[in-house]
Structure formats: structure tokens, C-alpha cells
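Here the structure comes first, spelled out in C-alpha cells, and everything after it is commentary.
Counting convention: from 1, in listed order, for ligands and their atoms alike.
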Amino acid sequence: MLENSPLQELERRERALKIINSRVKEDRSNLYDLTGLSGGFPVKEEDISLLETYAGPAIFEEKLQPLGLKHLGGEKVLALNRTSSGILAAILVLVKPGGQVVHFLPKLPTHPSIPRSIELVRGDYVEFTDPDEFEVGKKTDLVIITGSTMDHQVISEGDFLKIIEASKSQDVPVMVDDASGARLRTILYNQPRAIDMGADLVITSTDKLMDGPRGGLMSGKTELIDLIKSKAHQFGLEAQPPLIAGMVGALENFKPDRILESRSKKQELYQALQEDFSVEKTPTGVMLLPENMIEELESRGVETPLDPSVVAGILAMILLREYSIITIPAVGMPGASPTIRIDMASRDAERLDVEYIHQAFIGSFSLLEEIVDDEQKCKTVLFG
Ligand SMILES: *Cc1c(COP(=O)(O)O)cnc(C)c1O
């Protein structure tokens, strides 16, 4: 049966990677990665010989410090294998067994790494999207703020400051999950860096809205970062030298231009797509939510018993197979957002005109409408 399960998500992802593999073998330029996660690996020729177990960290951790501090603020930065790894390491340090974590985010869904990490310490997890309901209690060990969600819903500066103030008044440390927010908030919304607004810890993904490798970059006070670093080493959560070297290159090269320039392209794409679909704007692109896919199917007279996230996976796989467009519901890790988000700040968006994307949506949706009733055909699209 088709369901929303981590195992089926993995199978779908592997199928997507197979399709990508065969397109790339023909020619990388046949593929359009519009996820906004580019996974660039900007290392210099002379860096490669230094990628050793001990020489690597000695060189690249030192180079990372000033660049990371410039990007995030704080006293010391720490490179982690992924943003998820950093969230886990911080929770392992800061949350006592049975302690509570209170999470504020502008809109659901939550990134799965947060509740899953809390589960590991048998912590109690509470989340809020309304700042007026936000509360910390005696059991609260940590407050997490998501600066920008997986779907790029961005917190307002007012809400951010309110949550910080409420947490500080109870002496509860605040960690900001600024995976994409460290750039979206600051560059598009002119908000201060998380640390400058009073956060104790911030983590960002060097893969999101910058051409760096998938990895987590954390900053905060030296004392706290050292505790988290030690925990990360104990569980193998830290970034290895090649990853740190890639982060250094990405931070050296980082320019806000492409993010700023995406705004006019996003407007153009939104205008085209909204004639046919209930798409919504994101800071750097547009998105189609799973519930809107179901509504769109219903308006075409098609009812489906499938979970909306499975439908999103099918649509994303069609976009990939038929139009070579990569979106997160096709390639995402289990638990990733099922929203189809088109990010016009992606490097590959520069090679595409808006009409191609518009036609890809129309064509893919027609195909979805045709096959969604037929489980066998859906399975073939999802798993090959
Ligand atoms: C992407 C993201 C993460 C996790 O990043 P990984 O590289 O997948 O570990 C965590 N939180 C938010 C809000 C994200 O957007």
C-alpha cells in the first residue's frame, strides 16, 4: 500500500537519484535543481592535499572561524555534519532527561530533527506558532526558535524578540534553527543576525541559499560551543575536513546578489502559475502545498484516498522524470517537507525561463490527474 512512511520515502528518494544519475551522465545541463539546496563544494586545488585527518582541521577550522563569525556573529563557530547533527548535539548537551523543549516557529511543519532529537533524550516537546500562546515553564531546559521554516515561512522580528524576551526572563537558553533563515531573514527582511537579537546559539545550513556543502554551521558563546563540540565528537556528529574546507570556500564566495535578484523572477513565476494553480509566494520563489494539490484534483473531479504527502511525492517525481526539475518531495530525506517549492535563487534557475516551469506544472499535473487512481502506475512513478 502507498503510505507516508520513512521506508517508502527512502525508496522514492533512491528512485529519484537513479533518474538524476542517468540525466547527469548524459549532461549535467539537462537537469534543473530548483530546490535552493545546491551542495556546492568550492575547494581550491591547493586545499586538496591538506584534507587529512589532523592537518585538515588544523588548517580549515582556523580559516572557518572569522568567516563563520562574520556570517553568524557570536564568539566561536563549530562545523557539523548537518544542521540536524548540530540540533541533536545541542539537545544532548542542554536537555536533561525528562526536561522540556519549547519550540516557536512561524508556521508548521516543524523540521523532524527537532522532535526526533528530543525523543532520544526522552524529553517533553511543545511547539507554538502563536506568540501570544508561547510559554516556558519550570521544566523548560531549552527554547528553540525556527527563523525560517522548511517552507521558507519567515518569523517576524517582533515575534523573534518577544520569544527571546520571554525565554530570557526565565533564564532559559535559546537556540535558533536558522537553516535558511540566516540568509532569508537578514538579506530579504533586513533582520539582525540571531545572535545579535540575543540568541545563545544559532545554526545554519551551508547548503541553503549559498553554494556550499550540506553541513551545519553553529555559533554562540565559547563555553557553550565547547560543550557541544565535545558532545559532537563523542557521537561523530562533527564535520570532517573536506566538509569544513567546502564551508570555508562557500563563505568566502558568498554574495547576497542572487537572493536579491530572485525577487523579480519569483514575481514573474507567481503571475504565470497562479492562473492555473493555488500557489503561494515564498521569499525567493513559489510553492504548491500538498493540500492545494488535493483541492486542485478535486476541482478536476478526482478524489484520492492517498495521503497528501504521497500525492506531493508523485507530482515531484513526475516533474523530475518528465521535465528534469528537481524539487524536495522527490529527493528529500525521510520527513522532509512535502511542499513543492520552486526556488528562483537556485543556481539552475538562471538557465530556465519561467514559461518552461509553467508548462512543466501544467503537464505534470495532467499526468498526476490521469494516474492518481491507479496504484500500480503511481508505484511505478515513485519507485520505478
Ligand atoms: C534544512 C533544515 C534543517 C536540516 O538541515 P539538514 O541539512 O537536512 O540537516 C533543519 N531545520 C530547518 C528549518 C531546515 O530548513
Side-chain angles (χ1 to χ4, degrees), residues 6 9-10 13 33 35-41 72 78-92 101 103-118 120 125 127-129 142-155 159-160 163 174-186 188 191 194 199 201-218 228 232 235-240 243-244 246-247 250 259 282-285 287 326-341 343 345-346:
E9 285 180 283
L10 188 75
R13 177 178 145 89
D33 181 345
T35 60
L37 288 92
S38 56
F41 218 91
L72 295 177
L78 166 62
L80 296 130
N81 185 48
R82 273 177 55 189
T83 298
S84 299
S85 326
I87 289 171
L88 173 59
I91 286 173
L92 289 174
V101 179
H103 180 200
F104 181 84
L105 71 170
K107 204 169 174 206
L108 297 173
T110 293
H111 192 273
S113 62
I114 294 176
R116 283 175 187 165
S117 299
I118 296 165
L120 286 181
Y125 174 64
E127 61 190 11
F128 294 101
T129 53
L142 173 67
V143 166
I144 299 178
I145 297 175
T146 290
S148 162
T149 67
M150 290 187 281
D151 292 338
H152 290 186
Q153 301 294 303
V154 175
I155 192 173
D159 287 355
F160 200 122
I163 302 303
V174 179
M175 169 165 74
V176 177
D177 175 0
D178 237 359
S180 60
R183 283 155 303 288
L184 289 180
R185 285 190 314 96
T186 57
L188 290 179
Q191 292 183 17
L201 278 177
V202 60
I203 185 157
T204 194
S205 167
T206 52
D207 185 28
K208 290 182 176 165
L209 297 132
M210 68 190 292
D211 294 333
R214 188 168 195 167
L217 182 68
M218 184 182 270
I228 296 170
F235 291 94
L237 301 170
E238 79 281 7
Q240 298 305 303
L243 184 54
I244 307 174
M247 288 178 173
I259 297 176
T282 68
T284 55
M287 63 180 176
I326 305 179
T327 56
I328 289 170
V331 289
M333 305 282 177
S337 170
T339 300
I340 293 197
R341 191 165 54 72
D343 198 324
S346 307

The answer for which part of Met333 has a heavy atom under 4.0 Å from ligand 1 is neither
Using a 4.0 Å heavy-atom threshold (strictly under), name the region of Ser85 that reaches ligand 1: side chain, backbone, both or neither.
neither
Short side-chain to backbone donor-acceptor contact, Arg183 and Lys208, under 3.5 Å:
yes
Based purely on interatomic distance, does Thr146 place a nitrogen or oxygen under 3.5 Å from a nitrogen or oxygen of ligand 1?
no
Closest protein heavy atom (residue, atom, distance) for atom 6 (P) of ligand 1:
Arg82 NE, 3.5 Å
Test side-chain contact (heavy atoms from CB on, under 4.5 Å), reference Ser148, set Asp177, Ile155, Leu184, Leu105, output is Leu184
Between the main-chain N or O of Gly216 and the side-chain N or O of Ser205, is there a donor-acceptor pair closer than 3.5 Å?
no
Main chain of Asp151, side chain of Thr149: is a donor-acceptor contact present, judged purely on distance under 3.5 Å?
yes
Distance-only, no hydrogens or angles: does the Asp33 side chain make a donor-acceptor pair with backbone N or O of Thr35 under 3.5 Å?
yes
Give yes if a backbone or side-chain nitrogen or oxygen of Asp177 is under 3.5 Å from a nitrogen or oxygen of ligand 1, and no if not.
yes
If hydrogens are left out, which of His111, Lys208, Met150 has an atom nearest to atom 2 (C) of ligand 1, that is, the closest non-hydrogen atom?
Lys208
Short question: side chain of Arg13, backbone of Val331 - any donor-acceptor pair under 3.5 Å?
yes
Min N/O separation Arg214 to ligand 1 under 3.5 Å
yes
How close do Ile203 and Thr83 get, heavy atom to heavy atom, and via which atoms?
CD1-O, 3.7 Å
Does Gly216 have a heavy atom less than 4.0 Å from any atom of ligand 1?
no
Just to confirm my output: which protein heavy-atom neighbour is closest to atom 5 (O) of ligand 1, and how far is it?
Thr83 CB, 3.3 Å
Output the list of atoms in ligand 1 that are nearer than 4.0 Å to some heavy atom of Ser148, sorted by atom number.
13 (C)
Is Ser84 touching ligand 1 with its side chain, its backbone, both, or neither, if touching means heavy atoms under 4.0 Å apart?
both
Could Asp178 and Arg185 be called an ion pair, given the rule that one side-chain N must be under 4.0 Å from one carboxylate O?
yes
